[in-house]
Amino acid sequence: MIKTVEWTAEGVRMIDQRLLPTEEKYLMLRSCEEVAESIKDMAVRGAPAIGVSAAMGLALGLKQAVATSTPDLQYDFDYMCDLMSRTRPTAVNLFWAIERMREAFRRAAAETSDAEVIKGRMIDEAKAIFEEDIASNRALGRFGGELLADGATVLTHCNAGALATAGDYGTALGVIRGACDAGKRIAVIADETRPFLQGSRLTAWELDKDNIPVTLITDNMAGHVMKQGKVDAVVVGADRIASNGDTANKIGTYMVAVLARQHNIPFYVAAPLSTVDLNIASGEQIPIEERNAREVTHMHEHRLAPEGINVQNFAFDVTPNEFIAAIITDKGVARPPYTETLRKMFES
Ligand code: MRU
């Protein structure tokens with residue numbers, strides 16, 4: 001089992017995803033600030049993994065706080081929440097996890113003024129978020145696995161696997177693992193996912209480790225392989241799903257969805273309900289992160305583009321709901337109209 005992020009007595013331990021697949025190195029993060037930095041710099045990435053890491057970072061920061069009164073502890077906690085919320089803007093799991101931790105703090109502070117008890121409760125909450133993420137992905141893997149036929153080839157974009165979650169199964173790769181665990185033979189085509197290469201560095205690495213057959217292609221080959229009839233379904237993860245089903249995911253996902261529509265291939269989104277943002281009506285309201293131009297102009301130290309060239313580096317795009325055949329959640333499979341069906345998932 002791939003351990004993406006873990007709570008330990010020493011601090012928050014995580015695999016440094018920037019170094020994969022050539023180096024398997026684990027980081028031991030010893031402060032809330034270090035965890036925030038690891039999210040910002042993408043040592044850990046993927047919506048659910050960001051949420052779990054943020055929760056652990058907050059618990060770690062509180063554990064180390066010297067404050068002994070509830071107001072002082074609250075002051076430190078507010079600072080940490082603010083720091084965490086400024087790491088990455090698109091994945092709603094980050095804000096969901098911060099809000100869960102805030103709620104846990106409110107509950108604990110209403111019951112006790114003992115700072116050590118409050119700190120203990122916050123560690124328990126972070127651990128619960130971790131455990132729930134693993135269980136959610138197992139559940140959505142079972143639901144989604146049923147949608148794939150034995151012998152199917154699935155195209156995926158970015159990395160929505162164990163590395164993008166608390167560990168173990170993942171979301172889009174959870175659906176593939178769910179189908180495999182149900183005895184189906186599934187092959188995967190992985191888009192390399194420029195510019196950060198989550199597909200080639202992470203998805204190919206994970207699936208290879210699990211002995212799930214995987215073929216790597218560059219992003220601009222997706223249309224060609226679909227046209228050749230090599231793709232039976234597309235399954236991707238999500239960073240934020242609006243209440244109408246519009247889905248933000250890694251840049252290039254929208255392009256894949258349009259191609260899938262053109263070739264009559266079902267396009268599925270797999271995500272736990274912690275990725276669904278019922279507070280926004282449509283994808284128009286999803287903030288799209290723009291990252292450093294260097295990710296586009298360079299490969300490690302090697303320059304790929306002329307010096308001083310104008311660059312845009314959007315990290316995500318939004319796929320309109322009409323391109324999505326189903327949204328596979330931990331509570332079941334939602335079909336259009338998503339405004340109704342997603343809301344119902346929260347009630348079940
Ligand atoms: O920039 P990243 O690597 O954090 O983007 C990750 C994605 O877009 C994933 O597809 C998404 O978070 C789903 S992860 C289960």
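Both ligands and their constituent atoms are indexed starting at 1 by order of listing.
- Judged as a side chain to side chain donor-acceptor pair (under 3.5 Å), and not counting sequence neighbours, the contacts of Thr253 are Asn249.
- Of the candidates Arg240, Gln198, Arg88, Arg88 brings a heavy atom nearest to atom 4 (O) of ligand 1.
- Looking from atom 9 (C) of ligand 1 to the surrounding protein, the closest heavy atom is Asn249 OD1, 3.4 Å.
- Against a heavy-atom cut-off of under 4.0 Å, Ala47 is close to the following atoms of ligand 1: 12 (O), 14 (S).
- Nearest protein heavy-atom contact of atom 15 (C) of ligand 1 is Thr171 OG1, 2.9 Å.
- A donor-acceptor pair shorter than 3.5 Å can be found between the side chains of Asn159 and Thr203.
- Neither the backbone nor the side chain of Thr275 has any atom closer than 4.0 Å to an atom of ligand 1 (non-hydrogen atoms only).
- Proximity of Phe316 to ligand 1, defined as any heavy-atom pair under 4.0 Å, is confined to the side chain (atoms from C-beta onward).
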| said: Pair Phe267, Phe323 - check ring-ring contact (aromatic ring centres under 6.0 Å, His included), show working. | reply: CA-CA 7 Å; Phe267 179 93; Phe323 290 94; 8.1 Å; no
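- By the 6.0 Å and 45° rule, Lys250 stacks over the aromatic ring of Phe316.
- With contacts defined as side-chain heavy-atom distances shorter than 4.5 Å, the pair Asn137/Asp168 does not qualify.
- Under 4.0 Å from ligand 1, the heavy atoms of Ala238 that appear belong solely to its backbone.
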